[in-house]
Amino acid sequence: MVATLPPGDHTDPATPGLQLRVRAKRGDFSRTWLLRYRWREEWVRIVIGHAPGMPLAEARERAQQLRKAIDDGIDPRRARPQRRERTSALPLSSAPAARGAKHAIEFLVSEFIGRYLRPHRKDPAYAEAILARDVLPEWKGRDARTITPGEVIELLDGIVDRGSPVQANRTAALLSQLFRFGIHRRIVAATPVQLLYRPGGKEKPRERVLTDEELQAFLADPKKCTRFDRLAHVMQVLLLTGQRRGELALARWEDIDLKARTWTIRDEVAKGGRGHVVPLSDAAVREFEALRQLARRSRSAWVLPANGGERHLDPRQLTRSVAKCLARFKAEGIAAFTLHDLRRTVRTGLARLKVEPHIAERVLNHAQDTIAGTYDRHAYMDEKRAALEKWAAHLEGLAP
């Protein structure tokens, strides 16, 4: 019957709003299924398929699904995937959110960033970059309630296929948080993130530890490996203290007491929200003094100020700086590594120097066993200082 209809718009008497548009086209006919519906006092037509690829029964079923979405307050125009635009990320302050479309994916992301990421994460920029680069361009203009589990898997598969399995795992975790937040805020009723395993697979723990020979090559001329004074001093501070790059990037000079030889890592800076005090060896004090001389140029309150001095350096910039210098390290006989590998190197070195494991763990401010962490509030300052002094003496013995 469908194949014999003449040119024009034909309404299906069995399904409200379903129409077949027949047009003459180069000696043949095109047949397009349309759904006509009323949305906010305006009559709208959308394409839902083409005959004969979509038979009448399937067109009726699809039209009924869309009409149910309309009854649930979902505009079918925003329930369908858009053509992908990979040229640029969608701004986080997007037009649909600004118009108050409370179920738009742009609105959900904007609320998630403003009400969850920025208040609760020390460094929300990383998560914001994932949302801007990999999520919003994929689902631009969508009603968040219509995103399906299959579309989540498709998005994550695309990240894996471009060679970024670890990034796919991070994106999956972030999407799970995003939609749980959406449920809490009544933006969506359920989450489409229904993953049974990590999309990027199991991540193999890193085991890289710099050898004494590599440490000796670095300490012989740190600037030769790093090109810049600040990066050389940063690496030596991390190597002498075993702390995290982000904790150093977010440190203020008020946290550093060079006379008492201590570095206080505040709760809001420390991973896990539990700060501690790091004893500084004489060598670590000298490195902080060198960083202070560099920071005085900008008169900044931050130990590692960004350009202008008003903000702290982005911790990821330190990682990128090291990556850019890997060829220089290789020329000195030092294989590729990351800043976090310095932390592992410190922990391994303390074990080799026979430092008690519970002291070495406290030097790195690792979380303690639940019961021990709850009842043992001793700071172990003397023991941590002795451990780091022993480690500094070992490094000094490696230097030429």
Side-chain angles (χ1 to χ4, degrees), residues 205-223 225-226 230-249 251 255-265 269-271 274-292 303-304 318 322 329 332-335 337-368 376 378-400:
R206 287 185 60 87
E207 300 176 350
R208 174 78 166 102
V209 173
L210 276 70
T211 65
D212 278 355
E213 291 74 19
E214 289 176 314
L215 293 175
Q216 186 175 41
F218 168 66
L219 295 172
D221 192 346
K223 188 176 178 181
C225 296
T226 60
R230 185 163 75 168
L231 182 58
H233 295 309
V234 163
M235 287 187 59
Q236 289 178 92
V237 166
L238 298 180
L239 187 58
L240 286 160
T241 64
Q243 305 311 301
R244 299 177 176 89
R245 59 159 197 178
E247 293 165 344
L248 182 58
D255 303 327
I256 313 298
D257 189 334
L258 296 182
K259 290 184 178 179
R261 299 193 305 156
T262 59
W263 167 17
T264 300
I265 299 178
V269 171
K271 184 177 181 180
R274 182 169 179 172
H276 73 135
V277 179
V278 183
L280 299 178
S281 62
D282 290 342
V285 168
R286 289 194 295 270
E287 297 305 321
F288 271 113
E289 288 175 338
L291 287 173
R292 171 167 280 180
V303 173
L304 301 179
L318 294 175
V322 170
F329 282 104
E332 300 303 315
I334 304 171
F337 68 96
T338 68
L339 285 177
H340 196 75
D341 294 333
L342 298 183
R343 183 170 163 85
R344 190 179 300 106
T345 298
V346 174
R347 179 62 180 85
T348 303
L350 293 176
R352 288 170 54 200
L353 294 173
K354 303 296 189 288
V355 173
E356 292 292 333
H358 70 285
I359 300 301
E361 289 295 281
R362 282 178 168 84
V363 167
L364 272 65
N365 199 26
H366 277 159
Q368 303 299 305
D376 187 353
H378 178 52
Y380 291 90
M381 276 295 293
D382 292 341
E383 293 87 345
K384 291 195 297 183
R385 184 176 293 280
L388 287 173
E389 292 284 3
K390 185 180 290 188
W391 173 242
H394 175 74
L395 294 178
E396 186 176 355
L398 296 176

Practice prompt. Please identify each residue that fulfils ring pair (Phe, Tyr, Trp, His ring centres under 6.0 Å) with His394, with sequence neighbours left out.
Written response: Trp391

Discussion item. Just to verify, what does Arg230 make a side-chain hydrogen bond (donor to acceptor under 3.5 Å, both in side chains) with, not counting sequence neighbours?
Written reply: none

Worksheet entry | side-chain hydrogen bond (donor to acceptor under 3.5 Å, both in side chains) partners of Thr348, counting only residues at least two apart | none

Fill in: Any Phe288 side-chain heavy atom under 4.5 Å of Asp257 side chain
no

Item to complete: Mind jotting down which residue pairs meet the salt bridge (charged side-chain N to carboxylate O under 4.0 Å, His left out) criterion with at least one end in residues 236-248? Sequence neighbours excluded, please.
Response: Arg244-Glu247

Worksheet item: By side-chain hydrogen bond (donor to acceptor under 3.5 Å, both in side chains), which residues pair with Gln243, not counting sequence neighbours?
Response: His276

Practice prompt. Looking only at non-hydrogen atoms, find the nearest pair between Ile334 and Glu214 and report the distance.
Written response: CD1-O, 3.5 Å

Worksheet item: With Asp341, which residues qualify under side-chain hydrogen bond (donor to acceptor under 3.5 Å, both in side chains), at least two apart?
Response: Arg206, Thr338, Arg344

Worksheet item: Do you know which of Leu238, Leu304, Leu291 makes side chain to side chain contact (heavy atoms under 4.5 Å, CB included) with His233?
Response: Leu291

Practice prompt. State the CG-NZ distance between Leu231 and Lys223, to the nearest 0.5 angstrom.
Written response: 11.5 Å

Worksheet entry | Heavy-atom check, side chain of Leu350 versus side chain of Val346, under 4.5 Å | yes

Discussion item. Can you pull out every salt bridge (charged side-chain N to carboxylate O under 4.0 Å, His left out) where at least one residue sits in residues 387-396? Sequence neighbours excluded, please.
Written reply: Arg261-Glu389

Worksheet entry | By ring pair (Phe, Tyr, Trp, His ring centres under 6.0 Å) - contacts of Phe218 (at least two apart) | none

Worksheet, complete the sentence: salt bridge (Lys or Arg N to Asp or Glu O under 4.0 Å) filter on Asp212, not counting sequence neighbours, yields Arg352

Practice prompt. Calculate, to the nearest 0.5 Å, the distance between atoms CD1 and CD1 belonging to Ile256 and Ile265 respectively.
Written response: 8.0 Å

Fill in: salt bridge (Lys or Arg N to Asp or Glu O under 4.0 Å) partners of Glu287, counting only residues at least two apart
none

Fill in: Sub-4.5 Å side-chain heavy-atom contact between Leu215 and Leu239
yes

Discussion item. Looking at every non-hydrogen atom in both residues, tell me the closest pair between Val355 and Ala360 and how far apart they are.
Written reply: CG1-N, 4.0 Å

Practice prompt. Applying salt bridge (Lys or Arg N to Asp or Glu O under 4.0 Å), name anything that partners Glu332, two or more places apart in sequence or on another chain.
Written response: Lys224

Fill in: salt bridge (Lys or Arg N to Asp or Glu O under 4.0 Å) against Arg343, all qualifying residues, sequence neighbours excluded
none

Practice prompt. Locate the shortest heavy-atom distance separating Gly246 from Val269; write the atom from each residue and the value.
Written response: O-CG1, 4.4 Å

